[in-house]
**Q** 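First the structure, which I've put down as structure tokens, then a few questions once you've had a look.
Each chain gets a letter, A, B and so on, in the order its sequence line appears, and its residues count up from 1.
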2 protein chains.
Amino acid sequence: MKPVTARCDSVWSVATIRELARLCGVSPATVSRAFNNPEVVNAKTREQVLRTARQIGYLPNESARTLATKKSFMVGLVWDTDHRRPGWRHPFFQEILIGLKTALSGRGYHLLMLATSGDMGGERTEDAYVRAVRRHNLDGVVMIDSGTWDPSLRQLSESGIPCVSLDRPVEGSRATYVTSDNAGGARLAVQHLHERGRRAIATITGPAHTRPGAERLRGYREELSRLGLPQRPGFVVEGDFYLSGGHAAMRRLLEADERPDAVFVAGDEMAVGALRAIGEAGLKVPEDIALVGFDDIEVAALVPPSLTTVAQDKAGFGTAAAEAVVSMINGADTPPPRILPTTLVVRGSSTPPL
Amino acid sequence: MKPVTARCDSVWSVATIRELARLCGVSPATVSRAFNNPEVVNAKTREQVLRTARQIGYLPNESARTLATKKSFMVGLVWDTDHRRPGWRHPFFQEILIGLKTALSGRGYHLLMLATSGDMGGERTEDAYVRAVRRHNLDGVVMIDSGTWDPSLRQLSESGIPCVSLDRPVEGSRATYVTSDNAGGARLAVQHLHERGRRAIATITGPAHTRPGAERLRGYREELSRLGLPQRPGFVVEGDFYLSGGHAAMRRLLEADERPDAVFVAGDEMAVGALRAIGEAGLKVPEDIALVGFDDIEVAALVPPSLTTVAQDKAGFGTAAAEAVVSMINGADTPPPRILPTTLVVRGSSTPPL
DNA sequence: CGGTTGCATGAAACCGGTTACAGCGAGATG
DNA sequence: CATCTCGCTGTAACCGGTTTCATGCAACCG
């Protein structure tokens, strides 16, 4: 009888450490040690404490623990959902989040989504993030590139709180970042198009002020020179990472005097826009123009023709960010920026060769 | 000079309430009241406290506050990333999350992503969620339908913690759920196809054990009877919400004796698969077969022909969930299930009419 | 003018953990 | 046998807020 009742209560009981100590006939200190420094407490005592704890469903109160230790085992996620075009979506936010959450959980950390400077009411100050972190005793922070540069982010990265940024370099003694090998991926793309016999290779870039945009353009240029192909100014058109921008950029490329026979598009969403513009011009992919995108988002495989693209290690972002932030929390030196390898996924938009 | 230093320090100082009280020449109790019960403290005193607080950059410690009040102003998000096919993605998780976070932030709550029973190490027990909630003094919980039914979820919803589920009915005195008007959406789809002159309307359903799957099928059937169209058993094929399932289901429909001239597909991803199967069979959409999907995911607009579909109020999910959970936290009666309206988005796959 | 009322405030206990320090008994050592 | 170690445990202070209760004081009333 009794055990059953106890089992039932276990979900509900709000036993404190003193209660548990009383039941075991030991002091709260010993109970605390039984959990946090098991090796320092006598084996029999420890066993009894743990057993009794299970019976009465004792759960340590994390707020009290955080208060005493100043460690919350929580990492903040800064992800600005304002300042955005309506409907803006990070190309693979969900995959990053899964990777991040899984890796953090595995290391004993939880993830707290921080309110954005925009969506908390009166507290709209520049140091809103820093304030939130301090209030909640967060051990570290991960920030996901918001496209626009929020001065609060700089404050945060320079505040000395362990801080990992995705896809954007940051300054600060305990700040680092994770990014894909954007230049390398671009080189893969250009090289692939070259192997397929294309020689007039244009590019639609991301916004110049974004890191990935700039890096992918750099890779494109580097690979062209390596291959001994000429750099034609008219072959570089800036897009905005959105479908409409890709569409517009492609139209500009088609209207120019010289038509490319291949385009490296620095983002899959833009590539879908480009695909459409090409279709509207009465041309065919890949026969008239081959296309290689970047990101390997879900649509890339679904749209006809399916899109050859440079794939990023999406879950790897989350894992790498978690590793970096946890190691800094544990006192390790600030790790260098982590560059994740990219891979080429060949699909219909670049095959068959000419 | 001094003010500047103070401003600088403000980010760093770890002033406590006693420190602040000392500086103002009042007791900690008064400071606490100045923040939490402003009306009960003398106007001049209050002003001075707030001003000084700003100067020295005082920030209340949330752990201490939670410890004392047992309110954490945090809501847990249960989102199981295990048990999944690799690469599984909720059709519009990101939009829901944005809505949820924004609505919660606006109400003064933060969102804590709970580790899944799977990804925390030793603690893999059935009451893992309940334990996490209690340890962190979470005020409430939102659970996003994980597709598979985890017994821990039932424990959670029946634990008496304010709890809102998305797309799945739940039991529990302080538990409710938010869902789209799936049946109504299905009726819209069928009605639309009927208006377009189609009479042999088949359906590819979601898994029967999922709520949205069952409801959409119900709506389809209801609308058929309302329109006086016959229910042909062969016209109902079960899919799995994934592309491949939609593809397979469509093939079964095409192989049958009687070919439909329209199909209501209970999910956009399946609809893309169906689109493909139809193309492979040498038929054309919408000329031979019209298609209406469900969800209005991003690809729906991108795939050719673009997909007519039943749109769900994606951000509305998050907002409604936030409203419900916060109202329960504030002691209101458990609100009834919230059914969000759906709308028909007409695109190429169902136009022009026959 | 004594007593009531109400406002503003302070003292101290409390929330539930952690941890520095002291103490205690048993076995080892000189 | 006195002393020193060592392993284990308890006492009590502390983390930084909130809240109950008591109190001082001024205004108000008859």
**Q** To the nearest 0.5 Å, how far apart are CG in Asn137(A) and OG in Ser63(A)?
**A** 10.0 Å
**Q** What is the distance, rounded to the nearest whole Å, between atom CG of Asn37(A) and atom C1' of dG7(D)?
**A** 14 Å
**Q** If you check every side-chain atom of Thr16(B), which of dT19(D), dG17(D), dT11(D) has the closest atom?
**A** dG17(D)
**Q** Quick one: label Thr45(B) by what it contacts on the DNA or RNA (base, sugar-phosphate, nothing), any heavy atom closer than 4.0 Å.
**A** sugar-phosphate
**Q** Using modelled atom types and a 3.5 Å cut-off, is there a donor and acceptor pairing between side-chain atoms of Thr176(A) and backbone atoms of Pro335(A)?
**A** yes
**Q** Do Gln94(B) and His90(A) have side chains that get closer than 4.5 Å, going by heavy atoms?
**A** yes
**Q** Looking only at heavy atoms, which two atoms of Asp139(B) and Ile329(B) are closest? And how far apart?
**A** O-CG1, 3.4 Å
**Q** Do Asn61(B) side-chain atoms and Ala64(B) backbone N/O form a donor-acceptor pair below 3.5 Å?
**A** yes
**Q** What is the distance, rounded to the nearest whole Å, between atom NZ of Lys71(B) and atom C1' of dT19(D)?
**A** 16 Å
**Q** Has the side chain of Asn36(B) got a donor or acceptor atom that lies under 3.5 Å from a matching backbone atom of Ser32(B)?
**A** yes
**Q** Measure from CZ on Arg18(B) to C1' on dT19(D) and round the result to the nearest Å.
**A** 13 Å
**Q** For DNA chain D, whose closest nucleotide is more 5', that of Pro28(A) or that of Pro28(B)?
**A** Pro28(A)
**Q** Could you tell me how far apart Leu67(A) (CG) and dT18(D) (P) are, to the nearest whole angstrom?
**A** 12 Å
**Q** Could you give the NZ-to-P distance, from Lys44(A) to dT9(D), as a whole number of Å?
**A** 12 Å
**Q** Does the separation of the ring centres of Phe317(A) and Tyr177(A) fall below 6.0 angstrom?
**A** no
**Q** Determine the contact category for Val31(B): base if any of its heavy atoms lies under 4.0 Å from a base atom, sugar-phosphate if only primed atoms, P, OP1 or OP2 are that close, otherwise nothing.
**A** nothing
**Q** By nearest heavy atom, map Ala68(A) and Ser27(B) onto DNA chain C; which one lands nearer the 5' end?
**A** Ser27(B)
**Q** Measure from CD1 on Ile17(B) to P on dC14(D) and round the result to the nearest Å.
**A** 18 Å
**Q** I'd like the 5' and 3' limits of the part of DNA chain C contacted by chain B, with heavy-atom contacts below 4.0 Å.
**A** dA8(C) to dG16(C)
**Q** Whole angstroms only, please: what is the CZ-P distance between Arg33(B) and dG17(D)?
**A** 15 Å
